[in-house]
Protein chains: 2
Amino acid sequence: MNDSVSRTGNVTLEEIARAAGVSPSTVSRILNGTARVSDAKQQAVEKAIAEFQYQPNVLARSLASGRTHTIGVLTQAIASPFYGEWLRGIEDTLREPGLTPLFVSSHWSPEEEAARLEQLLARRVDGVIVLHGQISEDLLVRYSARAPLVVLGRSLAPRASLACLPIDNEAGARDATEHLLGLGHRHIAFVAGPPDHGDSIERLVGYRSALADAGVAFDESLVVQADFTEAGGFRAMERLLDAAPHLTAVFCSNDQMAYGARLVLYRRGIRVPEDVSLVGFDDLPTSVYMTPPLTTVRQPTYEIGCLAARAVVQLIRGETVTMDPIPLTLEVRETTQSCAARPALDRASNTVAG
Amino acid sequence: MNDSVSRTGNVTLEEIARAAGVSPSTVSRILNGTARVSDAKQQAVEKAIAEFQYQPNVLARSLASGRTHTIGVLTQAIASPFYGEWLRGIEDTLREPGLTPLFVSSHWSPEEEAARLEQLLARRVDGVIVLHGQISEDLLVRYSARAPLVVLGRSLAPRASLACLPIDNEAGARDATEHLLGLGHRHIAFVAGPPDHGDSIERLVGYRSALADAGVAFDESLVVQADFTEAGGFRAMERLLDAAPHLTAVFCSNDQMAYGARLVLYRRGIRVPEDVSLVGFDDLPTSVYMTPPLTTVRQPTYEIGCLAARAVVQLIRGETVTMDPIPLTLEVRETTQSCAARPALDRASNTVAG
DNA sequence: TTGTAGGCGTTATCAC
DNA sequence: GTGATAACGCCTACAA
């Protein structure tokens, strides 16, 4: 019933100009600080703006200026706990230069990744940050021709409007594995992520290389594939315990899977870390509150988010950006302990009644 | 160096029209299905679009049509684990009607809430969803005149372009408290959220009313204020244990604080649930993976998100929307158990060496 | 310093 | 069916 009537807020720059007795351009200048304006007119305009509660139309502004002051951020699923700190870093850093992040999810589908990128470009975002993507490097380069682009976890050669932030997953995984080896573990299980996922692959490589360096034979039965989710970690741990009862430690290639694994161990009465040591990867904010606090490979996600945001800003300014690989650090907490003699299942039957 | 050159993707509707030998209006019609067009021209235009990889400029389109197909979503902090499922529900539901969510954070500041809302309106969003806000009802009503507005956790009278989704925090808190009372607990501590936070207040009320109904005297020393964060829950639990060692159960008014509390209990060697029962509120996705799995009041956040999204769509269509209060359900898991005789500290000193 | 005029890329209202 | 023509609300030379 109250359509054009109540949908106010449609005061335009022109009306302000009229009310203040100046030309539209003068109002625009005051709004953008584009040029000096006489005090008298300045005052008149500001008064009118306040009076009419004028809000410039962002759309019109962007259309005319060609800049939207918006940065597209592509994630697999913005609601995942995994992305929290990243987004926070991006959001915080983008605020100061007056940019608004536009978060979109591609839901683990390469096709949707491309579709979302197209959508972002159709919105004429000033730049794009791609947080993990399976999208081909070729396509990335192509997209970077349409808007400055920052990608995480790749190591493409830097270009005029493309920047990469490689993350050393392999070294992180190696550190974690070496930590367990150093504690005397020899039967270290590995819960892998999706087989076609870059991070997942690199972490597996790190695990294997640490084993190899330590002269520990790779045991196929100790590696099980999962999908980076808690439920996946749960199932993986069950399979593992059934197939490889001799394991004394488990390295999950992300924290969410470690949560799932932890639950299986609890259910079976297997103590952590007394009976089995557990290591995660990512250091999600809640991992330090696990019982006991989870030993894990820390990714400085908040800081990475900040870096990525700063990088797009630089690209937009036309600068070329080169970023050093991000080092990951092992956070030794309380789920790891030196290896006990007996394998997991023996211990379990000692510990629990049913 | 490569400015206007490489920033392609700037094919316009007009160029397509020229290439296809038709007028811009015809192209527009085909794009929007606004009217029937002869097959010949249809084909020609589609060919040109494919050839030029034409992408309509969303900005221009919105400016001309007055609709942005964008819904603003205001949260306190989009990166919080608390919002994950909400956002997912909203995102999923908005996709089908072709709407894009625009997520913004107000960082617990009422002023920023207003600022962000203004910003969303300046972007001419087609509607707004406010997930928790301390913003005054007055202001909400005012904003709803500028765009259809859906608010969670309020119970304002429904209007032409305002819908509320009340959430029965009080009943949820009462259920949880009654659960503990039913298990024989009489010294039930309560970890509250921010004192000026609506949800927080309602949950405290529920706790108190359950105690009163059961004839259990309210013990001031058992209630401690915190801030809905893990760290806050940690500190609160420490204070609690020092000040009220006779407690046998703790009800944290959100899961994040329960995580913090859990860690303190672990540190002090107090077993959960054998020595102390623990209850949370929200049922975050990871709560079921706690050790042991957390008993908590479940908010069907994903579903609420869907409801809210559906509500804005209805409002936009001009319908009036009334939503029933969301019922919360107690998820009894493994952190609660019938009350033991001895108070916490006694038990702790029995259990732990240091 | 200030105003005028044209343009940004679409949609929408007309006639034809 | 199709095509001019005028918005949409702002920016930006250009001119004064």
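When reading the values below, keep in mind they use all heavy atoms of this one structure, side chains included, and skip hydrogens, waters and symmetry mates. Throughout, a chain's letter reflects where its sequence line sits, starting with A, and its residues are numbered from 1.
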### Query
Take atom CD in A:Gln134; do more than 12 heavy atoms of anything else shown fall under 6.0 Å from it?
yes
### Query
Counting only heavy atoms not in A:Glu319, do more than 12 fall under 6.0 Å of its CD?
yes
### Query
What about B:Arg124, does its side chain sit under 3.5 Å from the base of D:dG9 through a donor-acceptor pair?
no
Could you tell me the separation between the [atom1] atom of [X] and the [atom2] atom of [N], rounded to a whole number of Å?
| X | N | atom1 | atom2 | answer |
| --- | --- | --- | --- | --- |
| A:Glu14 | C:dT4 | CD | C1' | 12 Å |
| A:Asn32 | D:dT12 | CG | P | 7 Å |
| B:Arg123 | D:dG9 | CZ | C1' | 16 Å |
| A:Glu15 | D:dG9 | CD | C1' | 11 Å |

Using only side-chain N and O atoms of [X], determine if any of them is under 4.0 Å from OP1 or OP2 of [N].
| X | N | value |
| --- | --- | --- |
| B:Ser28 | C:dT10 | no |
| B:Arg61 | C:dG9 | no |
| A:Thr12 | D:dG9 | no |

### Task
Determine the contact category for A:Leu13: base if any of its heavy atoms lies under 4.0 Å from a base atom, sugar-phosphate if only primed atoms, P, OP1 or OP2 are that close, otherwise nothing.
sugar-phosphate
### Query
Across the strands shown, which category fits A:Pro24 at heavy-atom distances under 4.0 angstrom: base, sugar-phosphate, nothing?
nothing
From the options [options], select the nucleotide whose nearest atom is closest to the side chain of [X].
| X | options | result |
| --- | --- | --- |
| B:Ser25 | C:dC8, C:dA12, C:dT4 | C:dA12 |
| B:Thr26 | D:dA4, C:dT2, D:dT2 | D:dT2 |
| A:Ser38 | D:dC10, C:dT1, D:dG9 | C:dT1 |
| B:Arg29 | C:dT11, C:dT2, D:dA4 | D:dA4 |

### Task
Enter the distance from B:Leu120:CG to B:Leu74:CG here, rounded to the nearest 0.5 Å.
7.0 Å
